[in-house]
Amino acid sequence: MSFVVAKDLCRTFDLSEPWIVRKLTMQPKRLLKAVDHVNFEIERGTTYALVGESGSGKSTIANMVVGLMQPSAGSITIDGQNLGNASMNRQEQQRLRRRIQMVFQSPYASLNPRWKVGDILSEPMRAFNLIDGATAQRRRVAELLEQVGMSETDAGKFPHEFSGGQRQRISIARALASQPEVIICDEPTSALDVSVQAQVLNLLKSLQQDFGLTYLFITHDLAVVSTMANKIGVLNQGVLVEEQATVDLFSKPQQDYTKMLLSAAPKIEFSS
């Protein structure tokens, strides 16, 4: 059984004017279907990429998988557990949520500027009751910083003291702090320089190998996921129009929309 399963996933937004305005002006409701019956599966320890232009529904799906937004219809299961199961108590929900973390697009906006790095990384430990005691938490913070290629002394600094690439490393360390099994990467390199992008992608690949992490990678840039993803799904206006193994998608795209995205990406060579 696949580890992450999205089945008939839908999300509709109501963009209508207030009821009284529609009543007076005879306007109909305006509904936007951002995600339209999307299905995909992710095997444990692999990377699945969702690609598409802005407004294609990628980030909406990411927010639903991580639990920041509820589906209008359909379901998301992690290791057989339905994220939308209303019968789960708060403790069960916490355990399930701990298994899923997110690395956001902007390393500048995703870190609390008033907190030192040590506080940022220890907060998930306290929230999920993972590690008791300040000394044990400091040891874990030092371990996390080392895992993402930073120093123990960085725990005493504020986010503004770091470069964009370093901040994204801190964001990745924060995601790892809750000991997750699934990490949603929502455009994690789009705000970084090209040289720094490669470093962050290599870090994510190394962490996946070390800890058996499962990634859902959200991006508009096929070149970014060409060496990251095992399988790629292509979204167009909320519809999953194509899904293939990465090498097959680059060599034998089926849909015109996919071919258009590939034509806009840098030339990528795949070795056999």
Side-chain angles (χ1 to χ4, degrees), residues 3-4 42 44-47 62 65-68 78-79 81 83 88-186 188-189 191-192 196 199-217 228:
F3 192 50
V4 180
I42 312 175
R44 186 189 290 269
T46 67
T47 299
V65 174
V66 83
L68 295 176
I78 306 291
D79 198 17
Q81 291 185 281
L83 291 182
M88 284 192 296
N89 60 38
R90 188 176 183 280
Q91 191 174 25
E92 291 171 330
Q93 290 175 343
Q94 281 282 84
R95 281 199 296 266
L96 184 56
R97 295 301 178 194
R98 183 192 64 77
R99 302 172 72 182
I100 314 162
Q101 291 298 312
M102 193 165 186
V103 177
F104 295 91
Q105 177 176 0
S106 173
Y108 301 95
S110 62
L111 301 176
N112 190 329
R114 296 181 178 85
W115 285 16
K116 291 183 178 180
V117 169
D119 296 322
I120 291 171
L121 298 187
S122 59
E123 192 273 337
M125 305 174 201
R126 295 190 295 270
F128 292 109
N129 297 313
L130 296 176
I131 299 177
D132 292 325
T135 301
Q137 289 177 8
R138 283 195 296 270
R139 282 199 298 267
R140 177 59 176 153
V141 165
E143 183 181 65
L144 288 166
L145 288 170
E146 182 181 354
Q147 287 171 353
V148 298
M150 299 188 71
S151 166
E152 180 180 353
T153 58
D154 292 327
K157 300 177 182 178
F158 289 95
H160 73 265
E161 299 180 65
F162 298 96
S163 67
Q166 289 172 320
R167 291 187 206 191
Q168 200 61 298
R169 288 174 182 267
I170 295 168
S171 297
I172 294 169
R174 181 181 60 185
L176 292 173
S178 67
Q179 302 169 6
E181 297 167 65
V182 180
I183 295 183
I184 315 301
C185 302
D186 188 5
T189 61
L192 306 176
V196 180
Q199 295 171 14
V200 171
L201 292 174
N202 286 334
L203 171 63
L204 288 169
K205 289 170 67 176
S206 175
L207 292 170
Q208 184 176 49
Q209 292 169 0
D210 291 343
F211 301 111
L213 297 169
T214 302
Y215 290 148
L216 173 59
F217 209 100
M228 280 288 298

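Sequential numbering from 1 along the given sequence is applied to the chain's residues.
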Side-chain heavy-atom pair L192, Q199 within 4.5 angstrom cut-off:
no
Interatomic distance, OG@S106 vs CG@D186, rounded to 0.5 Å, equals 11.0 Å
Find out whether C185 and T47 are in side-chain contact, i.e. whether some heavy atom of one side chain is under 4.5 Å from a heavy atom of the other.
no
For L204 against F217, the heavy-atom pair lying closest together:
CD1-CE1, 4.0 Å
Let me know which of R98, Q91, R97 forms a side-chain contact (heavy atoms from CB on, under 4.5 Å) with R95.
Q91
Are the side chains of I183 and I172 in touch, meaning some heavy atoms are under 4.5 Å apart?
no
Residue E152 excluded, over 12 heavy atoms near CD under 6.0 Å
no
Roughly how far apart are N202 CG and L207 CG, rounded to 0.5 Å?
11.0 Å
Rounded at 0.5 Å granularity, tell me how far CD in Q168 sits from CZ in R174.
9.0 Å
E92 CD: over 12 foreign heavy atoms closer than 6.0 Å
yes
Do F162 and R169 make a side-chain contact, defined as non-hydrogen atoms from C-beta onward lying under 4.5 Å apart?
no
Non-hydrogen side-chain atoms of F3 and I42 separated by less than 4.5 Å:
no
Can you name the nearest heavy-atom pair linking I78 to I100, along with the distance?
CG1-CD1, 3.6 Å
Beyond-backbone contact of L111 with S171, side-chain heavy atoms, under 4.5 angstrom:
yes
If only atom types and distance count, is the side chain of E161 paired as donor or acceptor with the main-chain N or O of F158 below 3.5 Å?
yes
I'd like to check R140 versus Q179 (side-chain heavy atoms, cut-off strictly below 4.5 Å). Are they in contact?
yes
Looking at every heavy atom in both A177 and M125, which two are closest together, and how far apart are they?
O-CG, 4.3 Å
Do you know the tightest heavy-atom contact between P188 and V103?
CB-CG1, 4.1 Å
Less than 4.5 Å apart, any side-chain heavy atom of I170 and any of V148?
no
Counting only heavy atoms not in N89, do more than 12 fall under 6.0 Å of its CG?
yes
Could you pull out the closest heavy-atom pair between Q137 and S122, with the gap in Å?
OE1-CB, 4.0 Å
Once side chain to side chain donor-acceptor pair (under 3.5 Å) is applied, do any residues pair with E181, and if so which ones, sequence neighbours excluded?
R44, R99
Answer yes when E123 and R126 have at least one side-chain N-carboxylate O distance shorter than 4.0 Å, and no when they do not.
no
Interatomic distance, T189 atom OG1 to L203 atom CG [nearest 0.5 angstrom]
12.0 Å
Minimum heavy-atom distance A173-L144, with the two atoms named:
O-CD2, 3.8 Å
Taking only residues two or more places apart in sequence, or in another chain, which ones meet R167 in a side chain to side chain donor-acceptor pair (under 3.5 Å)?
none
